[in-house]
Novice: 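Would you mind keeping the following structure in view while I ask a few things?
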Amino acid sequence: MSRHATPDRAAAVLLEGVHKFFGNYHALRGIDLTIAKGEVCVVIGPSGSGKSTLLRCINQIEQISAGRVRIGGTLQGYDERNGRLHELSPRAIDRQRRLTGMVFQRFNLFPHMTALGNVIEGPVQVKRIPKAEARRIGRDQLARVGLTDLEDRYPNQLSGGQQQRVAIARALAMEPEVMLFDEPTSALDPELVGEVLDVIKDLAASGMTMILVTHEIGFAREVGDRMVFMDHGTIVEEGQPKQMLAAPKSTRTQAFLSKVL
Amino acid sequence: MSRHATPDRAAAVLLEGVHKFFGNYHALRGIDLTIAKGEVCVVIGPSGSGKSTLLRCINQIEQISAGRVRIGGTLQGYDERNGRLHELSPRAIDRQRRLTGMVFQRFNLFPHMTALGNVIEGPVQVKRIPKAEARRIGRDQLARVGLTDLEDRYPNQLSGGQQQRVAIARALAMEPEVMLFDEPTSALDPELVGEVLDVIKDLAASGMTMILVTHEIGFAREVGDRMVFMDHGTIVEEGQPKQMLAAPKSTRTQAFLSKVL
Amino acid sequence: MASGHDDAARDEGQKVRLNDVVPHRHPGRWVAVALLAVVVAQVAHGIIVNPNFHWDVFWQYLFAPTVMAGVGWTLMLTVIAMLVAIVCAVILVLMRDSENPILRTVSWLWIWFFRGTPLYTQLLFWGLFAVLFPRLSISVPFGPEIIGVPTDWVVTAGVAAILGLGLCESAYLAEIFRAGFRAIDRGQTEAAQAIGMSKGRIWWRILLPQALRTIIPPTGNETIGMLKGTALVLAVPFTLDLMFATNAISNRIYLPVPMLMVAAFWYLAITSVMMIGQYYLERHFGRGQDYVPTRHA
Amino acid sequence: MASGHDDAARDEGQKVRLNDVVPHRHPGRWVAVALLAVVVAQVAHGIIVNPNFHWDVFWQYLFAPTVMAGVGWTLMLTVIAMLVAIVCAVILVLMRDSENPILRTVSWLWIWFFRGTPLYTQLLFWGLFAVLFPRLSISVPFGPEIIGVPTDWVVTAGVAAILGLGLCESAYLAEIFRAGFRAIDRGQTEAAQAIGMSKGRIWWRILLPQALRTIIPPTGNETIGMLKGTALVLAVPFTLDLMFATNAISNRIYLPVPMLMVAAFWYLAITSVMMIGQYYLERHFGRGQDYVPTRHA
Amino acid sequence: QVFDRSGLEAVPELAERVPEKIAERGILVGGADNAYAPWEFLAGDDGQSPQGIDIDVGRAIAKTLGLEYESRTAAFPSILPALGSKYDIGLNAFSITNERMKVVNFVSYSDTQGLWVVRAGNPTGFDPADYCGAKVAIMSGTYYEKHLDLDNQACLDAGKPAIEKLPFSVQTEAITRVAAGGADATATGGGTAAYAVKQSGGRLENLEPVEPMGKRGLNGIAVAKDDMELTQLIADTLNHLIDNGVYAEIYEFWGVSHFLVDESVINPEVSN
Ligand SMILES: Nc1ncnc2c1ncn2[C@@H]1O[C@H](COP(=O)(O)OP(=O)(O)OP(=O)(O)O)[C@@H](O)[C@H]1O
Ligand SMILES: Nc1ncnc2c1ncn2[C@@H]1O[C@H](COP(=O)(O)OP(=O)(O)OP(=O)(O)O)[C@@H](O)[C@H]1O
Ligand SMILES: [Mg+2]
Ligand SMILES: [Mg+2]
């Protein structure tokens, strides 16, 4: 993969006191989180605890209500001058978004493009890679997720599992600095989880920073460098996955894990 | 639950040589399956093996290309006279469909109705239960899946997990004879899988027949009376879940389970 | 499990110091605004001071009884013809989705013909209908009549106007409806089938409310087009509508511009009311589906 | 892993004995078909034998040079005005989604005004434009002129016709476009943002192609409406269009019905070509999204 | 403004020739667009009552035949096909031309002449004798448009600049264009041109035309081509009204006496 030669001066992802309100609803309640370069951070927690919202705030799909998000040391979405936050231009925000790749809970494939079309959209349109080369990259990515022969199918001609794999390939094709996965394996059948796991491990080895929301505890244990447990919009506990799973400190975490494991 | 007093003359669900073509693509290749009344049948298999297609053929969302599907002894979709199949009227098909409840891989909630609206749509529109009573039933069903306070939210105001739970409540509210679940827990977080499991066990105890596509092997072992392994549109192996998981006969099943377990 | 979140949020909301954000500026937009303002002001000024507009005549006839009656008739024609059109369009859409190839063909031909020929010509034809076909009768095809009435008992000027406007419009609406239904995910139909809903009920309860979201704006267009289309009913001849009323006055007093302004005023007024109605309809059918963005970049 | 399925299917497909199904019958539909056939036949018969239609005159003028020229001008007006309308409508939609409240208001006012007033009145105004505003000039607002040209050098009859048709249409199209974009799941925008696409590119590559599916049919309506609307350009006055050409002939020979039939024939012919184009456009933009049902109950 | 018809009486010899269909109904139905003041226009409290020269002529004819007259407002293209069914006659200041006489019968009743309308004081110096290069608004499809085309041809033949023609579908719009300064002049029937000047409150004035625009032309009542009987009856009735002076009184009442004809003729010979 690319770009991992940049000096590792700061944390890859840094969240300071991030809050998010949806109207009156307080979805994130002061999130502090530091993720080092190359680290794989696994986020677990009950439904509605704000895991998806957290990822969406990191890649600026949602605008945060309070706090700071930094990627590679750079403040996201704003320019801080004289103690005030100046909103960046849309163009600058788009540029910042390219550093993060995201795989959604509900695939969100582009229905009017084939599998390959979905994968090469980013490289061609954003990175301006020539089409022929992009196709080559795209085919590689599709092969990686086990979809070699389906590149010409449209999303609605694919099974759920096949669709989610295309979505992963699409995000990988952009070779981002940080990958955000929102339950990437939830629609995959168990046989294929292993393959994706291998892909993610590859990525980790190449220096890719990742934040991964998942309900697959076994998977989390294997791939995660760190584990974060969220509930009611706050980080209740964080630590090394094996330790945390074996001996959770918070009673809330204990209760959650007792049901899950 | 209701209606389990009908004499148990025949198998609840019976498939004989069912084939399904999508154009030239042969998605189901001669499925024979007998499910007794009250039995919980778990379907596992790799992505694209035809599990969803199987369920869709049972509740007649897809028209089968060859073979017979019977529910409670009644041929589905056709009337067989003089050795030929006479297609039933749309009305008769709708009546047959009411006997099966389905929970989809991709929720398919009605976006213009609240959570409660989704749940009571069937009872009010199809069963013609008075609205007030339907609301009561609907609230019970929502409570059962842990969504008491969210009845007035629209689907897009709910997290993925919350949406899938509404979809389950919607199917349950129709009190069908046979429930078809297409990966009902794939978007649920582990904490809630237990709750849904309890609901499904309740259903089984009350005499409900169920076919359940799932990737959660632990869950399948616990709840299933029988297990079916599908691959490439055929049933490769079927048997008692615990036995089958412990000692799969087919090499294909062995290979699949070795990756999953 | 989500209970109590909302209250807690409000309590805690007081304590969170929200980010103090200076929004991104778009100076180019303000230049555009300034330019537009100048152009609008100059045009408005030009219109107000120009003697050709005869604003005195405008005020004199704005609430004239014949004009007010014209407004009433125009509204009535619009509403009734639109209802006819909607009913026909629904039937056309259902026919077009039918398994029966002949019904599909008829639907297609209908849409083709009524979209293809000018409304004025159609209205003229409806006006001449009683001349071309003096008796409406149920008869043995091309044989003797069984029962019949003189056509002009049935197809009066009002009926001809409504038929002409309504049938033509139905073809346009059918296209709009078809597009609206196309936009709905097929999972919706499947989910509704799975709970045993009949085709008709699925259509009415599940698909239509969702389709209306995309159907309403172009249908609003069509309704407004219909409102203006009523001016053509002179071809029938139906001579009570707003445009005819103002034209009759301007033919008498020989000042068409202020009378056109009177007509324009009323059309604009009716359109405004319709647009307000459209807004509420859209909001109603958009509930649960329209995205209220929380980031506004 | 799914490789080889398709070939295998074909091989095995030979061996499977497919269900021999007798489809469900719908006798009511056939009664409807029979009734329709009788009505259509009687109307067609009535039209063909009726002397008022003067089919000889129809054939005589169908390909008359002025009529053919009218067809050409009408087509040209339609195409150019439609292009103007599309460009304006896109700008209007973008303005309406803008953060700038004044641009939003201007967009709203534009749509309100141009939808609300009759096209004929607008065209008349454009015709009078050069009279009301004799010079187009860049000047200090309400002050001295900096540079200017006589309006009628710029706003000729053709330009006035195109502006009148195009600006009015832009308001209708803007509504249609807005509806089309509304129908798209917001997850699409989010997925595109996540791969770093800019707002404009998302709009162009992701949203527009999907929106076109629902935009095309009502836009087809509007294009056809525009085709017919060109008949109103006489208000400018622009006197080369098809309707003017046929009217001029019928004023001379006093046989309006066959001349209206000539006009209708050409409008219908052009509409037919447009509908074919629309079919292919729809198919193109529906790829991957239109559901091809495998059960047809 | 309605001509007083109280002195009119039915003439039995003519009345008994009224076709049964019309006699049964008791009403003579005329079709007109009723948008061409002062010949016919809509007025009254309801804005739906036709008035004008043609209306009074129609009423006089009907009264003489023992009938009532009703002028039904209709779009021009819908009048001609319905002659003989919906409408008994077309009474709408139709100019008689040879081409038109191929499809309808005309009974001549007015001998009209065009008149120019220019802005008061003729600020552009419009010269009816030589207006090559001028900007002229005209109602399309009229007799005057034809004459304008002839004048234009003459200009071109003489190597002078062409007349800039602005055709409108309604006469009022042509007048407005002149009043606004968008055209130098417009030509229309004398009655209408005079009426327009009267209505303008001193902002317009009339100019006398010269040939060919100034050429007189007959107007006729249109009757279905296949109904010679009714055509003859209308002509005879008109000639009766000419003889007893009622016809002249009507034209006097409306101030258009110079358009009287001496005799009503069926399908007269005309030069165009
Ligand atoms: N646009 C919105 N408007 C209002 N509330 C919202 C919105 N989006 C999310 N929420 C609420 O915020 C909370 C957190 O949602 P989020 O999607 O982050 O949960 P999650 O942890 O990802 O849950 P799951 O595991 O079920 O996906 C939920 O209660 C949800 O209902
Ligand atoms: N409408 C269709 N047209 C063409 N092919 C289809 C269609 N629907 C499904 N298929 C194909 O049929 C096969 C079986 O699909 P199905 O959805 O039943 O798989 P599945 O076992 O449910 O997989 P998953 O676990 O990924 O959901 C797949 O290869 C799929 O691509
Ligand atoms: Mg989530
Ligand atoms: Mg599936």
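Here is how names work: the chains are called A, B, and so on, in the same order as the sequence lines, proteins then strands, and each is numbered from 1. Heavy-atom basis, side chains included; hydrogens, waters and symmetry copies ignored.
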Novice: Identify the heavy atoms of Ala66(A) and Leu18(C) that sit nearest to each other, and give their distance.
Specialist: CB-CA, 3.9 Å
Novice: Can you tell me which portion of Arg68(A) sits under 4.5 Å from chain C's heavy atoms? Options are side chain, backbone, both or neither.
Specialist: side chain
Novice: Taking all non-hydrogen atoms of both residues into account, name the closest pair between His24(C) and Glu87(A) and its distance.
Specialist: N-OE1, 3.2 Å
Novice: Should we say atom CZ of Arg104(C) is surrounded by more than 12 heavy atoms from elsewhere, each under 6.0 Å from it?
Specialist: yes
Novice: Hey, could you give me each pair passing side-chain hydrogen bond (donor to acceptor under 3.5 Å, both in side chains) that has a residue in residues 167-176 of chain C? Not counting sequence neighbours.
Specialist: Arg96(C)-Glu175(C), Trp110(C)-Ser170(C), Tyr172(C)-Lys228(D), Glu175(C)-Arg178(C), Glu175(C)-Gln278(D)
Novice: So which atom in Asn156(A) and which in Arg186(C) form the shortest heavy-atom distance, rounded to 0.1 Å?
Specialist: O-NH2, 3.6 Å
Novice: Check for a donor-acceptor pair, side chain of Asn19(C) on one end and backbone N or O of Gly67(A) on the other, with a separation under 3.5 Å.
Specialist: yes
Novice: Say you draw a straight line from CZ of Arg25(C) to NE2 of His86(A); how long is it, rounded to the nearest 0.5 Å?
Specialist: 9.5 Å
